[in-house]
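All values reported here derive from a predicted model rather than from experimental measurement. Residue numbers count from 1 along this sequence.
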Amino acid sequence: MADSRPIGVFDSGMGGLTVLSELVRRLPNERFIYLGDTARVPYGSRSPRTVLRYSLEIAAFLGQSDIKMLVVACNTATAHALPELRARMSIPVIGVIDPGVRALLSRTKSRKVGVIGTRSTIKSGAYETAIRGIDPGMDVTSLACPLFVPIVEEGWMNKDFARLAVREYLTALRDHGVDAVVLGCTHYPLLRRAIESEFPSFTLVDSSVEIADAVTAMIQERDAASAGPGSVRILVTDVTEQVSDLKRLFFPHPVETIEEVVVPELHV
Ligand code: DGL
């Protein structure tokens with residue numbers, strides 16, 4: 001039977017629109033509600049406790065819209081909040097890390113893999129834990145690349161500056177013999193070209209593509225597809241000057257309205 005309830009998607013800001021973009025492409029009949037926490041972005045430099053609290057607040061807020069599934073598009077939020085979100089919600093909650101890890105493990109030949117993400121994601125060790133949970137003998141090198149988010153948000157992905165930063169951060173992975181790297185941050189798919197031109201030997205795993213495939217499979221397995229028509233609502237917690245520009249950068253679909261909402265605080 002068709003399930004026309006919306007799918008909730010959230011991120012620390014606008015970068016998670018890379019995930020929404022992949023979802024809309026695969027599931028055009030679904031109704032999506034995206035929430036970008038632009039008032040509190042970035043999450044990548046925050047403590048685990050704070051990221052957890054923000055994530056629980058957003059989940060509670062989106063839960064009020066009778067969503068059928070919650071997609072955590074933010075790697076940092078997935079790293080710190082996924083188990084707690086799953087424990088508290090009565091609907092399926094899917095995060096970016098597990099689908100990315102499964103793809104990563106299926107693509108390495110050298111059995112040396114790389115994980116790149118924000119400081120907070122890397123410090124959490126969540127990717128390593130997920131990798132070792134499947135393959136305890138895998139050689140994992142994790143690297144925080146804090147300059148990548150501002151480079152993408154400046155729109156400098158195709159400048160020499162971006163290639164220089166890519167070379168500076170990722171040479172260590174190549175020197176270690178890594179052959180497959182998961183792009184463990186919403187913004188990094190936009191650096192794919194810069195990374196490929198500097199390190200053509202890497203196989204890159206785009207976690208936004210992998211989570212979109214996983215959500216599509218889950219909808220099919222549960223027979224929970226909507227009969228349509230599809231729609232997209234984009235909500236933010238602060239309409240900053242950058243919001244429209246970032247929307248265009250990350251989401252090449254025709255949605256012009258961006259609604260501002262207030263997410264109530266929780267005392268957790
Ligand atoms: N969305 C974050 C992530 O995927 C990146 C931006 C931030 O630091 O909030 O980790």
Side-chain angles (χ1 to χ4, degrees), residues 5-24 27 30-44 46 48-100 117-118 120-121 124 126 149 184-187 189 207-208 210-212 214-215 218-219 231-240 242-243 246-247 250-251 253 255 257-266 268:
R5 289 177 299 163
I7 297 175
V9 183
F10 85 87
D11 178 48
S12 55
M14 302 304 273
L17 290 171
T18 51
V19 171
L20 185 65
S21 184
E22 295 295 333
L23 285 168
V24 168
L27 300 166
E30 296 295 330
R31 295 163 57 212
F32 292 98
I33 305 180
Y34 176 92
L35 191 136
D37 195 4
T38 49
R40 303 187 289 196
V41 70
Y43 284 10
R46 294 192 194 278
R49 201 167 45 95
T50 298
V51 174
L52 173 63
R53 178 162 57 84
Y54 291 172
S55 304
L56 294 177
E57 288 172 359
I58 291 170
F61 176 84
L62 287 173
Q64 289 168 359
S65 295
D66 192 25
I67 52 175
K68 63 182 169 189
M69 181 184 287
L70 181 65
V71 178
V72 186
C74 180
N75 287 258
T76 309
T78 303
H80 295 300
L82 193 69
E84 190 70 29
L85 288 168
R86 284 194 169 140
R88 287 179 183 230
M89 314 256 324
S90 54
I91 50 169
V93 181
I94 179 158
V96 260
I97 294 181
D98 286 341
T118 64
S120 193
T121 297
S124 75
V149 166
C185 174
T186 45
H187 292 54
S207 47
S208 66
E210 303 306 329
I211 191 176
V215 170
M218 193 185 257
I219 295 267
S231 62
V232 175
R233 277 180 74 196
I234 298 180
L235 317 179
V236 295
T237 49
D238 190 13
V239 179
T240 59
Q242 260 193 313
V243 152
L246 293 178
K247 196 236 113 210
F250 294 118
F251 195 70
H253 304 271
V255 175
T257 329
I258 297 176
E259 304 162 55
E260 189 173 274
V261 294
V262 175
V263 172
E265 280 182 26
L266 286 180
V268 287

Kindly say whether V239 contributes a backbone atom to a donor-acceptor pair with the side chain of E260 at under 3.5 angstrom? yes
Is the side chain of E57 donor-acceptor paired with the backbone N or O of V263 at a distance under 3.5 Å, no angle test? no
Please enumerate all residues that pass ring-ring contact (aromatic ring centres under 6.0 Å, His included) together with F251, with sequence neighbours excluded. H253
Separation between [atom1] of [X] and [atom2] of [Y], rounded to the nearest 0.5 Å:
X: M89; Y: L56; atom1: CE; atom2: CG; result: 9.5 Å
X: I67; Y: R5; atom1: CD1; atom2: CZ; result: 9.0 Å
X: L82; Y: L52; atom1: CG; atom2: CG; result: 11.0 Å

Quick one: closest heavy-atom pair of [X] and [Y], and the distance?
X: V243; Y: D238; answer: CG2-O, 3.6 Å
X: V51; Y: A77; answer: CG1-CA, 3.7 Å
X: S65; Y: P6; answer: O-CG, 3.8 Å

Just distance, no hydrogens or angles: give the donor-acceptor pairs under 3.5 Å from side chains in residues 9-19, sequence neighbours left out.
| from | atom 1 | to | atom 2 | distance (Å) |
| --- | --- | --- | --- | --- |
| D11 | OD2 | G13 | N | 3.1 |
| D11 | OD2 | G15 | N | 3.4 |
| D11 | OD2 | G16 | N | 2.8 |
| T18 | OG1 | G15 | O | 2.8 |
| T18 | OG1 | T186 | O | 3.1 |

For the residue pair Y54 and Y43, categorise the inter-ring angle as parallel (less than 30°), tilted (30 to 60°) or perpendicular (more than 60°). tilted
Would you tell me whether D37 and T237 have side-chain atoms, one donor and one acceptor, within less than 3.5 Å of each other? yes
Tell me the side-chain hydrogen bond (donor to acceptor under 3.5 Å, both in side chains) pairs involving residues 68-88, sequence neighbours left out? E30-K68, N75-Y127, T76-T118, T76-T121, H80-S120, E84-R88
